[in-house]
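Naming: A, B, ... by sequence-line order, numbering from 1 per chain. Owing to the predicted nature of the structure, the values given are computational and were not obtained by experimental measurement.
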Protein chains: 2
Amino acid sequence: MLTIGKLGEAAGVKVPTIRYYEQIGLLPEPERSAGNQRLYGAKALDRLAFIRHARDLGFPLEAIRDLLSLSDRPDQSCAAADIIATEQLAAVKARIARLTALKAELERMITQCAQGTIADCRVIEVLSDHALCADDHRAQTGSGAAT
Amino acid sequence: MLTIGKLGEAAGVKVPTIRYYEQIGLLPEPERSAGNQRLYGAKALDRLAFIRHARDLGFPLEAIRDLLSLSDRPDQSCAAADIIATEQLAAVKARIARLTALKAELERMITQCAQGTIADCRVIEVLSDHALCADDHRAQTGSGAAT
DNA sequence: TCTTGAAGCTATAGTTGCTAGAGTCATTAG
DNA sequence: CTAATGACTCTAGCAACTATAGCTTCAAGA
Ligand SMILES: [Zn+2]
Ligand SMILES: [Zn+2]
Ligand SMILES: [Zn+2]
Ligand SMILES: [Zn+2]
């Protein structure tokens with residue numbers, strides 16, 4: 001049995017994060033020691049490592065919740081899991097597309113600046129007027145999470 | 001003079017967002033009508049449009065605050081503005097790099113799945129074990145904001 | 001002029017995924 | 001036995017809004 005500190009170390013997750021996951025019902029309430037400290041077994045470690053890995057891949061916690069409950073039903077079709085992953089892929093692609101447009105615009109404004117005074121700064125000029133931009137990079141309905 | 005609704009419409013910013021910007025000191029407190037409603041002039045519209053455009057380009061509000069106060073001093077060197085933009089570009093590049101790694105991993109797991117049961121689902125398998133991943137995509141110290 | 005509906009006002013809480021504190025209790029190494 | 005960790009609960013804070021509640025003001029039609 002592991003204490004919360006050891007569990008966090010083993011899974012690469014900080015202790016308050018584990019308690020937070022428990023609070024939102026992503027991890028089950030563990031056993032407690034005589035002194036009221038949480039005690040975890042191998043199953044909890046697996047589950048936490050799964051969560052950690054899915055978070056690293058950018059899945060939002062709600063999606064992870066669904067994936068976890070799916071993985072508890074091994075005989076079912078995996079279509080639902082694949083759909084979740086596909087949606088996550090789509091979200092990642094959308095974010096890449098948006099960021100790539102931003103990158104181009106930022107590079108343009110930076111290279112065009114002649115490094116003089118603010119009055120002539122291309123960065124300030126472009127920020128003041130979207131018509132000076134090459135692409136349309138307006139933010140759309142952002143459904144995504146993930147850093 | 002514009003009411004808050006007209007201002008929001010003109011700048012493409014929602015009304016509560018304008019009030020939020022005022023609350024955090026990004027927009028100055030405007031005049032009020034006899035009935036206590038906010039009234040904005042052309043200067044406020046310019047400022048709000050600047051904020052909106054910078055937000056669209058992913059600048060965090062703190063950076064926008066700095067850019068705005070720079071743009072009020074037209075005779076100064078624009079080096080500080082260019083540095084802010086360059087930092088934003090670096091943040092965007094870092095996020096693209098990370099997301100590109102995630103995209104590859106997600107595509108890999110999705111295409112490898114044979115669409116059977118959860119017990120054999122490659123998506124679930126990979127999420128359970130990072131050793132099955134091709135790249136190291138672990139999240140690093142994310143300093144960024146920006147959607 | 002009255003009335004209705006849209007738009008404005010303030011203040012508070014919720015979103016996502018944690019992180020940081022305060023103040024207290026349990027465990028363990030020397 | 002004491003001191004140093006580590007764990008406990010609870011609350012608040014981050015970014016950048018969004019949503020709700022309950023009220024007042026405004027503009028236009030009947
Ligand atoms: Zn410049
Ligand atoms: Zn633009
Ligand atoms: Zn599958
Ligand atoms: Zn991995």
Separation of [N] [atom2] from [X] [atom1] (nearest whole Å):
X	N	atom1	atom2	result
F59(A)	dT16(C)	CZ	P	17 Å
D56(A)	dG17(C)	CG	P	14 Å
L26(A)	dT16(C)	CG	P	13 Å
Q88(B)	dA15(D)	CD	C1'	14 Å
L61(B)	dC17(D)	CG	P	5 Å
E9(A)	dT5(D)	CD	C1'	13 Å
I24(A)	dT15(C)	CD1	P	12 Å

Quiz prompt | Considering all heavy atoms, the nearest L7(B)-I18(B) contact | solution =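 Shortest heavy-atom contact: CD2-CD1, 4.0 Å.
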Exercise. Check I124(B) against A81(A) and note the closest heavy-atom contact, atom names and distance.
Key: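 Looking at all heavy atoms of both residues, the shortest contact is CD1-CB, 4.1 Å.
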What distance separates [X] [atom1] from [Y] [atom2], expressed to the nearest 0.5 Å?
X	Y	atom1	atom2	answer
R122(B)	T111(B)	CZ	OG1	9.5 Å
C133(B)	L106(B)	SG	CG	9.0 Å
H137(A)	H130(A)	NE2	NE2	4.5 Å
I110(A)	C113(A)	CD1	SG	9.0 Å

Quiz item: Of all the nucleotides listed (dT19(C), dC17(D), dT27(C)), which has the minimum atom distance to the side chain of P16(A)?
Solution: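 Nucleotide nearest to P16(A)'s side chain: dT19(C).
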Self-check item: Nucleotide of dC18(C), dT27(C), dA16(D) approaching Y20(A) most closely (side-chain heavy atoms)
Solution: dC18(C)
Practice problem: Pull out every residue in residues 63-71 of chain A that has a heavy atom closer than 4.0 Å to any atom of DNA chain C, ordered by number, or say none. | Solution: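 Contacting residues: none.
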Are OP1 or OP2 of [N] and a side-chain N or O of [X] less than 4.0 angstrom apart?
X	N	result
Y21(B)	dA16(D)	no
K14(A)	dT19(C)	yes
T17(A)	dG17(C)	no

Practice problem: Look at the side chain of T86(B) and the backbone N and O of D82(B), then say whether any donor-acceptor pair between them is shorter than 3.5 Å. | Solution: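 Yes; at least one donor-acceptor contact below 3.5 Å.
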Quiz prompt | Under 4.0 Å protein heavy-atom contact, by nucleotide of nucleotides 4-13 of chain C - B base, S sugar-phosphate only | solution = ----SSB---
Quiz item: Which residues, ordered by chain and number, are linked to M1(B) in its hydrophobic cluster, where ILVMFWY side chains connect at heavy-atom gaps below 4.5 Å, directly or through other members?
Solution: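 Noted: M1(B) shares its cluster with L39(B).
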Self-check item: Verify same cluster id: V15(A), I24(A) (apolar side-chain graph, 4.5 Å)
Solution: yes
